[in-house]
Structure formats: structure tokens, C-alpha cells
Amino acid sequence: MTDAPDGLLLETDRLRVRPWRHEEAPRLLDVLSRVEVVRWLGDGPPQPMRDLAEAHARIDRYVERSATPPLGMWAVEVRSTGTVAGTVLLLTLPGAEAGEVEIGWHLHPDSWGRGYASEAARALLDHAFAHGLPEVLAVTDLDNVRSQAVMARVGLADRGVVEKWYAGPSRLYGVTADEWRARTTSSAP
């Protein structure tokens, strides 16, 4: 794990978490132009990405949001193919009163069901807690059961339904640094 001058680099057995590159704007457009992906992002009706100019602007925004470690938004690259599966993020929740930080992911449908979200999320949780975050939360639409399954699989506990940060009710998951350390220490070989 490194916070290199040009951005974060995390490597797992199969993945590399690193900054998005402008030459990958077509892939980002392909991911975020799909209703089945963006239906779970943000408040209100889905807002599919429309064109490459918007993808380039989004990459610039990801770089800006990644300027203060450990927070940011990064590409999830499959190491064996170089294909970007999607995005993983660690950001302060909207309107967070106490600086609550959220982990999240959104992957292209061709990368669903392969364990990439779980693998990238575990690496990002290690990164978050190595940088001193006391807790990481995950918030999702009540109907997003696939994402909830990832949350449970990576060790985030279901904390019930909340009505904050986003419009309407959301399912909240979370893990503290101490819980994460205890979990990862007990599962080490």
C-alpha cells in the first residue's frame, strides 16, 4: 500500500486500486451510463452519464476528491487483464455532522459476481484504518441487496435503517477500527 505522489496504489491478489486515468474515460462512461449501475448512486432518479466530456470531468473530480488521504475515489483494475472493473470510494458522507466516512463501490455489470467489490473493499478498509480512521460506514438503498451482501461479506455489521445523509431511508452498515483489527487478526494464518 502506498500514497504515491501521483495517488493511492493498493494491490491485492487480483486487483489494483489506483487513480483513474483520462485514457480510461470511455470505460468510466460505459460504467456510469448504465441505469443498472447508477440507480443505486445518490439521491433522486438515476442520472446516467451522457458523454466522454462528462467522463473526463468526473475523472478530474475523482482526482480532486482523492487529494486528502485516506479519502478518495479510485479505479479498481483487474491485474491479469488491465481492465477497470469500476470504482471504489472512501468519502465523508454528505452533511456528516461528525465527519463520518463512507466506503462504497460501483462496478461494471461485466465485473459483477466475481468478488471484486469485496476484495477492493477489504483493501480499502485496511487503508482507512492504517490512516487512523476510527470507523467506516456503508450506506445503501434498502433494496440494494447485492451491495448489502458485499458489506456483510467484508465484515461490516448491519446497524439498521437510518434516515440521514441521503433522502429517504437507507440501510447502514459499519465497522470500527478495533473491530476490523480484531477480525483481521483472528483470521490471519
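Not measured: the values here are computed from a predicted model.
Counting only heavy atoms from C-beta outward, the side chains of V161 and L172 never approach each other to under 4.5 Å. Looking at heavy atoms from C-beta onward, E179 lies out of side-chain contact with F129 at the 4.5 angstrom threshold. Between P134 and T176 the shortest side-chain heavy-atom distance does not fall below 4.5 Å. Side-chain contact between L156 and L125 is present, with at least one heavy-atom pair separated by less than 4.5 Å. Between L32 and L41, the closest side-chain pair of non-hydrogen atoms falls below 4.5 Å.
Taking CG of L89 as the start and CD of E102 as the end, the distance is 6.0 Å to the nearest 0.5 Å. To the nearest 0.5 Å, atom OH of residue Y173 and atom CD of residue Q148 are 4.5 Å apart. To the nearest 0.5 Å, the span separating CD on E23 from CG on L28 amounts to 12.5 Å. One finds the CG atom of L71 at 10.0 Å from the NE2 atom of H131 (value rounded to the nearest 0.5 Å).
Judged purely by atom type and a 3.5 angstrom limit, W112 uses its side chain to pair as donor or acceptor with the backbone of L107. E24 places no side-chain N or O within donor-acceptor distance of the main-chain N or O of T83, the cut-off being under 3.5 Å. In terms of modelled atom types and a separation under 3.5 Å, the side chain of H127 and the main chain of P70 share a donor-acceptor contact. At least one donor-acceptor pair under 3.5 Å links the side chain of S66 to the backbone N or O of M73. E77 contributes no side-chain N or O that, together with a main-chain N or O of W20, makes up a donor-acceptor pair within less than 3.5 Å.
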Extract all donor-acceptor atom pairs below 3.5 Å that involve side chains of residues 57-64 and protein atoms in other chains or at least two apart in sequence.
{"residue": "D60", "atom": "OD1", "partner": "H22", "partner atom": "NE2", "Å": "2.7"}

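Residue pairs meeting the salt bridge (Lys or Arg N to Asp or Glu O under 4.0 Å) criterion with at least one partner in residues 163-175, sequence neighbours excluded, are D158-R171. Residue pairs that meet the salt bridge (Lys or Arg N to Asp or Glu O under 4.0 Å) test with at least one member in residues 104-113, sequence neighbours left out, are R27-D110.
Contact record, L15 with A120: CD1-N, 3.8 Å, taken as the closest heavy-atom pair. Heavy atoms only, all atoms of each residue included: W105 and S147 are closest at NE1-OG, 3.3 Å. The shortest heavy-atom contact between A55 and A25 is CB-O, 3.5 Å. When all heavy atoms of R34 and P109 are compared, the closest pair comes out as CD-CD, 3.6 Å. A pairwise comparison of heavy atoms in M151 and T140 identifies CE-CB, 3.6 Å as the closest pair. The minimum heavy-atom distance linking S118 with V150 is given by the pair OG-CG1, 3.7 Å.
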* **Pair R122-L124, side-chain contact (heavy atoms from CB on, under 4.5 Å): steps then yes or no** => CA-CA 5 Å; R122 283 187 198 100; L124 202 53; over 6 Å; no
* Step-by-step side-chain contact (heavy atoms from CB on, under 4.5 Å) determination, R65 to L91 -> CA-CA 8 Å; R65 296 188 90 178; L91 296 172; 3.6 Å; yes
* Would R18 and V84 satisfy side-chain contact (heavy atoms from CB on, under 4.5 Å), going step by step from the backbone distance to the final call? -> CA-CA 10 Å; R18 50 127 178 110; V84 175; 3.6 Å; yes
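Residues satisfying the salt bridge (charged side-chain N to carboxylate O under 4.0 Å, His left out) criterion with R153, sequence neighbours excluded, are absent altogether. E100 pairs by the side chain to side chain donor-acceptor pair (under 3.5 Å) definition with nothing, not counting sequence neighbours. Every residue two or more places apart in sequence or in another chain was checked for a side chain to side chain donor-acceptor pair (under 3.5 Å) with H106, and none qualifies.
In the displayed structure, R50 atom CZ is contacted under 6.0 Å by at most 12 heavy atoms of other residues, nucleotides or ligands. In this structure, E97 places its CD atom where only 12 or fewer heavy-atom neighbours from other residues, nucleotides or ligands lie under 6.0 Å away.
Looking at E119 and R79, no side-chain N of the basic residue comes within less than 4.0 Å of a carboxylate O on the acidic one, giving no salt bridge.
Placement of V78 and W74 within a single hydrophobic cluster is found when ILVMFWY residues are connected by side-chain heavy-atom separations under 4.5 Å, directly or transitively. Put simply, L137 and V162 are part of the same group of oily side chains (I, L, V, M, F, W, Y) that touch within less than 4.5 Å, one to the next. Using a 4.5 Å cut-off between side-chain heavy atoms of Ile, Leu, Val, Met, Phe, Trp and Tyr, with links allowed through other members, V37 and L52 fall into the same hydrophobic cluster.
Judged by distance alone, the side chains of W180 and D126 do bring a donor and an acceptor atom under 3.5 Å apart.
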